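Working notes, structure below.
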Amino acid sequence: MEEAPDIQTELENKFGTGLLSPQGTRDDISTFWVPKDRILETLRYLKRDIPGPFAMLYDLTAIDERLRNHRDGQPESDFSVVYHLLSFDRNQDVRLKVALKGDRPRLPSSVSVWPAANWYEREVYDMFGVTFDGHPNLRRILMPPTWKGHPLRKEHPARATEMGIFQLTEEKAVAEEAAARFRPEEWGMKPAVGDVDYMFLNMGPQHPSTHGVLRIMLALDGEQIVDAALDIGYHHRGAEKMAERQSWHTFIPYTDRIDYLGGVMNNLPYVLAVEKLAGIRAPDKAKVIRVMMAEFFRIASHLVFYGTFGQDLGALSPVFFTFNDRERVFDVVEAVTGGRMHPMWFRIGGVAQDLPNGWERLVKEFVDYFPPRLAEYDKLLMQSPILKARAKGVGSYTREDAVEWGVTGPGLRACGFEWDFRKKRPYSGYEQFQFDIPVGQNGDCYDRAVVRVEEMRQSLRIIEQCLKNMPEGPYMADHPLATPPLKKRTMHDIETLITHFLGVSWGPVIPPGEASYGIEATKGNNGYYLISDGNTGAYRARIRTPSFAHLQMIPYIGRGLLVPDLVALLGSIDYVLADVDR
Amino acid sequence: MVTIYVDNMPYQVREGQNLLVACLSLGFDIPHFCWHPALHSVGSCRLCAVKIFRDENDTRGRIFMSCMTPATEGVRISINDPEARHFRASVIEWLMLNHPHDCPVCDEGGECHLQDMTVMTGHVYRRTRKKKRTYSNQNLGPFINHEMNRCIQCYRCVRFYRDYAGGRDLDVFGVHSRVYFGRLEEGALENEFSGNLVEICPTGVFTDKTFKKRYTRKWDLQTAPSICVHCGLGCNTIAGERYGTLRRILNRYNGQVNGYFLCDRGRFGYDFLNSDRRVREPLAKTGQGSGSTALEPISADEALSRLVDIVQNSSRVIGIGSPRTPLEANFALRDLVGEENFSSGMAQAEQDLVSLIVHILREGPAPSASLRELESADAALILGEDLTNTAPMMALYLRQSVRRKPMAVVNELRIPGWLDAAVRGAVQGNKGPLFIAAPIAAGLDDVATETYHAAPDDIARLGFAVAHELDTQAPAVVDLPADRHALAVRIAAALREAERPVVVSGTSSMSPAVIQAAANVAWALHSRGRQVTLSFVAPECNSLGVALMEGRSLEDAIEMAERGQVDTVVTLENDLFARAPRDLVDRLRASCRNFVVIDHCLTGTAEVADLVLPAAAFAESQGTLVNNEGRAQRSYRVFPAPDPIGESRRWLSKAVMARARGRTEEWESFDDLVTRMRQALPVFQPVSNLAPSADARIVGRKIARQPHRCSGRTAMLANVSMREPPPPRDADSPLSFSMEGFQGISPPPLNPRYWAPGWNSAQSLNKFQEEIAGPLRGGDPGQRLIEPRDNGGREYFNAIPVAFSPSDDEWLILPSYHIFGSEELSALSPAIAERIPSAYVAIGEEDADLLGMSEGMLARVEIAGAAESLPARIVADLPRGVALLPKGLERLKGLAIPVRARIGKAVQAEKS
Amino acid sequence: MGKSMVSLIRAAWTMLTHTFRRRVTVQYPDERIRYFPRAKGRIILSRDPDGGERCVACYLCAAACPVDCISLQATEDEHGRRYPEFFRINFSRCILCGFCEEACPTYAIQLTPDFEMCEYHRWALVYEKEDLLISGPGKYPGYNFYKVAGLAISGKGKGEAENEEPPVDVRSLMP
Amino acid sequence: MCEAARSILVVVGVLAGAIAIAAGLIWVERRLLALWQDRLGPNRVGPFGLLQVMADMIKIMTKEDWVPPFADRAVFVLAPAIIVVTALLSFAIIPFAPGIGVVDLNVGLLFFLAMSSLGVYSVAFAGWASGNKYSLLGGLRAAAQMLSYEVFMGLSLMGVVILAGSFNLRTIVEAQEDMWFCIPQFLGLVIFVIAGVAETHRLPFDLPEAETELVAGYHTEYSGMKFGMFFVGEYIGVTLISALVVTLFFGGWNGPVLPPIVWFLLKTSLFICLFILLRATFPRPRFDQLLGFGWKVMLPVSLANLLVTGAVTLARG
């Protein structure tokens, strides 16, 4: 990160000393504890008044601290709420924490500062039972309204087996149905204005263009959207809870399934965060392999976007072509990793295996094959006047809107903001690659598509560079916490076997601390905020996904659009519900 | 307290410790091998290297072994210094040169100190291709597996086995790089504490052989805090289960009780639980009448209806409890049958002895000693006990106590007490006062100052004489021969000099006089202002507990039954044939209509019952046991016994339900039963404070019995059912049968295992203690039920027996004890069974001459008209007129000893 | 407008050209799909080069399994050779992540490219050792764990493993 | 008598032919789409997957015939029948070949327009009677779309009528013996094709059933044979429009060498393929764009076409 003004000094100049208590973390992000009653003004100051403001609420989450052993001088707290802010002007992050005591803590809502805080606060409420005073609609967001308990609290069991064999009885089914019934008032929607009665339309949870189980409740005047509310959580699997019961090593397969189109791209922020906690430096070869595979998955994900975006707008055929291309990507992926959609192939300290013999040929084949295909899709889709009519000027938002709502990735770049974490905060050796950041102009559906299409070309460039410059050397770091160590050595050397043995069984013991790592994933910034209590698994793993933020914005952009525009908008956002619900 | 600086942060630590102990107590991780909290420092492994700096300006520092350096005021050390880290990694690299590539096939894997230390130092990649040294192994008997290749020459094994436990047959051989730890010749390890090698050895040289064929990694074992049931000491154990069978026992540290060690009976005796003598389903005599038909399996429902039927149609039910069963089950029985119909299940003689012990401990003023206190005693007198065989751990701690007094030299020489080699050099062979008066030579004789082998009456007389020497108020012994008197004076003098003397006695001589004499000695010492403690050996794991319930003796109950007022007898986990002569039990059996036995093993008593209900054994049931010290301790279920086996109190609650409707809710939970017991018997007030109640939670969670890395959850039952059943509920305790739940450091009575991140072996204990070798974090578990009343108005016992006079035709038969065999449950474990001696009669050399007998010759022993042929064993020190029969061995069960018997040469024809 | 028409017609023409492209459909199961050696499919237990069971029942696969779908029990023969008494994989739970193969210190457990595991009943996806054990060494020929480990088994005494010296003579006093 | 039998034969033949072609289209469309999407399409049932048609019929007929409890039952059941009936009735006026045709109506073209207007009812009824919001929206869209496109569809044909001087299709075909109307009436052809696609609500003008927006539009709640009728109705419509295009603009049965009926069928097939190609290629415009296009572009253009045609015809006398 670049040299930035010292936030602590700035904040102390504003609020005086004594307000903040800084906390050391394993990443470079300044972290401060702020008293509960001062949090809103601090947030406001950071967002609006400070020079080079922290305009984006990157993440808002909580930690159940009650069983944490290594708090190392942090203020006493049962539940801590964490605000992670991002300043584009400074290219710097800041983390604010609020210590809360008691079993049912409360604190003021920050929705008035960032509208984007709405869903985040609901999630914290849902998962931890923390109440946000002044929140416009504080209700469960991921769990069904009938759920008992707050899953991410430490007392909540992680395994369904604990709850007995599930049986859907008649009464239970009726109760669940009743709970899911849509009542506009509950969502802050008006049933009518003046003499216009709105039609409420439930789009989803099963609907062809919601791309998964998402429910959008629309208030319609004719086909025009007057208001919308989103009901998410149908794809919630509790990945963050799973992280707390798996070892650092065995959680890797679960990350693949967050953005299930992103494959190993999901592994990357996780292993980078763990490596940061453990102080591991992956060897060059591992880095380049990681970049290459991640870019393959960026292409794979964008291809799915491309095809389905076309299909959402009625183009039947391109989806077959893009999925076919994706299969070609998967062929390379399978040859290298053995998996296709979920290779689960990155490891703490490197990757699972070395590249197989002949990988170059496969990669070369793809690099040669793909560009003409992209050119053809341009003809079929991007240049189609019908598609242009459908997508241009539709669902647009400004750069300011995007920042306000936490938009990252192609959605941000489509507003003309040249911001790519691979360039701005290079990780895994991206600084050594040559590629451009494609940007759009208008922030509409069309531009978002254009950006992604161009990104595929850039990804291909990166892959070509990987192909030409693959370093020699080991694929796994020479660090005792790199899990598992080089297999060849494990099979013959006892010390390697011992490290391997403990790493794959009890799991590597990661030193206590906190670190977060956000990367430019397929859909935006995917970040893992990991807290180690010096144990074999995460004490808390927060997964910040781009889709969650992007989806929250839909009602804001969607008002005034027509139903088909909404479909275009949904398609252009390119979200994955597993990425939203986690 | 002194201040030390670790990586530039100041910490307060106790003065005089070494830096390793101080840092471990502070929670730092310093790798180590040769240091063990009970064995202290020898500085041989070089692994605990840290950097020490002269002052804050010193940036270079020097590498020291932390275990050999005292924590002095202002010392500045660095654990994370790169050079120190590199040094430690090099030590591991060097240790790995010859370590075999064994982890996958090694029983230590996953709980191996060597593995932990290797990972902790960070040495991962080998740099040499040199060939590895190998060794041949030895067969060390049924308990311990030997795999010498894995040895890292830390010497912990011999230091424990020889220096600490007094073993002779394990030693170090060879020179140079061929150092070998083993026996001179193959054969079973003789020491009673050999099992501790499993935990002492930091790697897989010594592993649990009983665990080997059904091996399970630590991360898969479901464990719970348990109490050993194989003697009266109440050692704390961790029992581990997988796939529904009990797999092994590990030590559970209790700073006041067993510390770091267990005896072999306690460690390897668990297997009775899996033996073919287990009752796994209800059995009943199907035909009418009793005795004639055989027991046959019946369904649980039928068993229950029979039980209900029997209880409902009985006007009077006698309940025979058991000293090897927890308080709660005994109380449940007592509650079922009523106070007046409850028997403790002990024979009259035994009950009298145990009651006497309770009386003495209650009267005071000398309090009962915990095992930890025994270790710190500086003089000891043992009256009438063969501790190595009756209470082995007590012997182990008394063995340490003889080092107290000579340690004064060490202090004078200003050698720190933890500098083990220096201490042993300074102490040489010097030993503190330990006097043993017992019928025969015992395991502790090698460290005894003086020993005296005599009949119990003579032992008692010596004791009375010592008491009189200490305090003239105590009754004097008349006609004491001069040599005994001189001995008494020497003993008295030694005791008088001590600050914390201890007097040890117990029930094994079956003599109230010996116990009384011990009490007199202790009281006399107390009157002299010494901090004296008393320690009595109790015969079984809950002897004191049932004694506190004050039930009838077995004979009493039989008599009552014979008076014809009783139609049903319910026997709880008790083999009456082991306690009373056969005919007495037969009479009991004949006098009642229904004879119900609740037990986990098919004992002789169960075999004659009308209805046998399968009971859960110790690892399958929850309960409170009262040890010899009067300390009540809670033992938890490790796993729920498979249906239809039920905890005894569950069967009894069903009987109560039948007998008195509406009372069952008081019984529903374990805690309710305890509450009821406390109301009925105020002596048990503290029992409910032993451990958090069943509704206790840690941040809303139960404590998980399974480790967080437990595997196979979705496959282990997949061959039976694809639907994964929820884990069994445990309504009786705050522990869960699941990997879900609290995994950190629990309240000490509830800690199901010792594990900490990076510390997968038993050595993780250091994270659970307040300080190294100190109490557990949160206090050592257990509550003493008996505290001396300090009223001062106590009178000395004055019933001094007359001196024992041998007769020519009759011998006084006394029991001899064997660590393996004298206890009935452990004897059912196959590994223990291999070590049980065959039955014999022991006679003194003089008597042997008199009878013209030699070792191994068959002797005819005639007791009360019944004769038995046994091979003779000639014992040098056995006094004239006394013969010993081994207690508990199959052919000699139920003998009411002490008794007089005629002994002669067996006629060859009678041999058959 | 004209441009639009042109691009529409061009799109239609592009579409038409597909008439003569190669089909991408693979007519599975008549046609076999392309296998990659690393492909992660059905799990097997392999044997070492001299035919013995490779699995030494070390439990690492079970521990490494994120979904806990491997269950086994270790035991040993009279010569000390370790093997699983039973070995069960519940494939209905398996996510084919390959962590077991990666964890295996003997190359015993391996993932094969075979993916054809559909069953009508979940219980048919529970594989026991008999179902898992194959007769060869699978992907890793040549490796024999017992030839590397120091443990003595039938046919291999102490000091006979790779890189080992014969057992030392403890009684020798030679330096 | 013989004449009567012949007409019955023709009627039955046309009916059976139309339905058979429609059914066959199920297979043709899937194979063609597959062809353009680099796939194979249904090829497992019978030779070249031809029996897929049978399989689909069996499937559709044996499916549960479900009427949702919230639907207006009578209308719900009636709706799918209308579309099939009106589309089939329109076939009555198609001259397949000299002498082959059901009726030789002198207001043939008007009859077709009348029938296609009636078809709106089917979709509107279905959308309304389903009692489903998506269906309702679909029905509304269909009504608006079909009404709008009806207007210039009629206008686009007037050029042909002017040239041929008759509403009788047979006359119109005969009038193209020298020159197909696709040349003088190119604009009319384009407009008619576009309107035809819209009338049959096929991609890119499938808004009433746009699956990514309205799930399945007006037939969301339909299943079994009732759905089958919509399905078949759509294919009959496609065939009908293709036949009309051929009749009105491509000389009908006219052609050298081959018998007229073969020419007719060949040309019709070509246009059916064109329909399918459109479906494979284009995205779907938005509803308001479609209406805007219709009223703002198509209508003026068709009026202009009419004007020019009229003027030219007048000028030529």
Side-chain angles (χ1 to χ4, degrees), chain A residues 159 161 242 246-247 249-254 256-257 315 317 320-321 323-325 327-328 331-340 342-345 347 352-353 356-357 362 376-377 379-381 383-389 483-484 487 490-494 497 500-501 503-507, chain C residues 1-8 10-15 17-18 21 23-26 33-41 58-68 95-107 111-113 115 140 142-145 147-150 161-163:
Chain A
R159 292 175 179 81
T161 0
M242 289 177 198
Q246 293 286 346
S247 80
H249 172 59
T250 60
F251 183 61
I252 291 171
Y254 293 88
D256 275 66
R257 288 148 173 86
S317 301
F320 289 99
F321 305 145
F323 269 71
N324 174 31
D325 296 345
E327 287 301 309
R328 310 256 170 152
D331 280 353
V332 179
V333 170
E334 185 176 3
V336 174
T337 70
R340 292 176 80 85
H342 304 310
M344 327 168 233
W345 195 65
R347 296 289 181 270
Q353 295 148 297
N357 292 336
L362 283 170
E376 187 182 319
Y377 306 149
K379 282 184 214 153
L380 286 177
L381 287 170
Q383 291 168 11
S384 164
I386 302 177
L387 185 128
K388 282 181 180 169
T483 313
K487 180 79 172 171
T490 301
M491 301 308 280
H492 294 276
D493 298 347
I494 178 63
L497 177 63
H500 169 93
F501 190 109
V504 301
S505 58
W506 291 107
Chain C
M1 191 74 195
K3 233 175 93 185
S4 299
M5 280 313 266
V6 170
S7 74
L8 285 176
R10 208 174 53 187
W13 176 251
T14 311
M15 213 65 222
T17 60
H18 279 269
R21 299 264 179 100
R23 310 290 93 191
V24 296
T25 310
V26 177
I33 62 134
R34 189 171 170 191
Y35 285 108
F36 294 94
R38 284 186 177 182
K40 294 187 276 198
C58 72
Y59 293 100
L60 281 192
C61 51
C65 179
V67 294
D68 292 344
I95 58 169
L96 302 171
C97 64
F99 276 37
C100 49
E101 174 173 341
E102 185 180 71
C104 182
T106 68
Y107 289 136
L111 273 71
T112 65
F115 58 88
Y140 309 98
Y143 189 80
N144 186 339
F145 173 76
K147 293 267 158 69
V148 182
E162 147 192 313
N163 250 347

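In this text, all values refer to a predicted model and were calculated from it rather than measured experimentally. Residue numbering restarts at 1 for every chain, and letters A, B, ... go by the order of the sequence lines.
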Within a strict 4.5 Å, meaning less than it, do heavy atoms of the C:F36 and A:V336 side chains meet?
-> no
Would you call A:H249 and C:F99 a side-chain contact if the rule is heavy atoms closer than 4.5 Å?
-> yes
Can A:E334 and C:R34 be counted as an ion pair, charged N to O under 4.0 angstrom?
-> no
A:L362 portion near chain C, given a 4.5 angstrom heavy-atom threshold | side chain
Nearest-0.5 Å distance that lies between atom CZ in A:F320 and atom NE2 in C:H18 | 12.5 Å
Part of C:Y143 lying under 4.5 Å from any heavy atom of chain A | side chain
Can you name the nearest heavy-atom pair linking C:E102 to A:K487, along with the distance?
-> O-NZ, 3.0 Å
Within-4.5 Å side-chain heavy-atom neighbours: C:P66 and A:Y254 | yes
Derivation of the side-chain contact (heavy atoms from CB on, under 4.5 Å) call for A:M491 and C:V148 = CA-CA 8 Å; A:M491 301 308 280; C:V148 182; over 6 Å; no
Hey, what do you get for NE2 (A:H492) to CG (C:N163), rounding to the nearest 0.5 Å?
-> 10.0 Å
C:K147 atom NZ: more than 12 heavy-atom contacts under 6.0 Å | no
In Å, rounded to the nearest 0.5 Å, how long is the span from NZ of A:K379 to OG1 of C:T17?
-> 7.5 Å
Kindly indicate whether the side chain of C:R38, heavy atoms from C-beta on, has any atom under 4.5 Å from the side chain of A:W345.
-> yes
Rounding to 0.5 Å, atoms CG (C:L60) and CG (A:L497) come to a distance of 8.0 Å
Selection from A:K388, A:Q383, A:H342, A:Q353 maximising heavy-atom pairs under 4.5 Å formed with chain C = A:Q353
Looking at A:F251, A:F321, A:W506, which makes the most heavy-atom pairs under 4.5 Å with chain C?
-> A:F321
Contact class of A:T337 relative to chain C, heavy atoms under 4.5 angstrom = backbone
Which atoms of C:T106 approach chain A - backbone, side chain, both or neither, heavy atom under 4.5 Å | backbone
To the nearest 0.5 Å, atom CE of A:M344 lies from atom CD1 of C:I95 at 5.0 Å
Measuring heavy-atom distances to chain C, does A:D331 have an atom under 4.5 Å in its side chain, in its backbone, in both, or in neither?
-> both
Structural part of A:T490 lying under 4.5 Å from a heavy atom of chain C | neither
Under 4.5 Å from a heavy atom of chain A, the part of C:L111 involved | neither
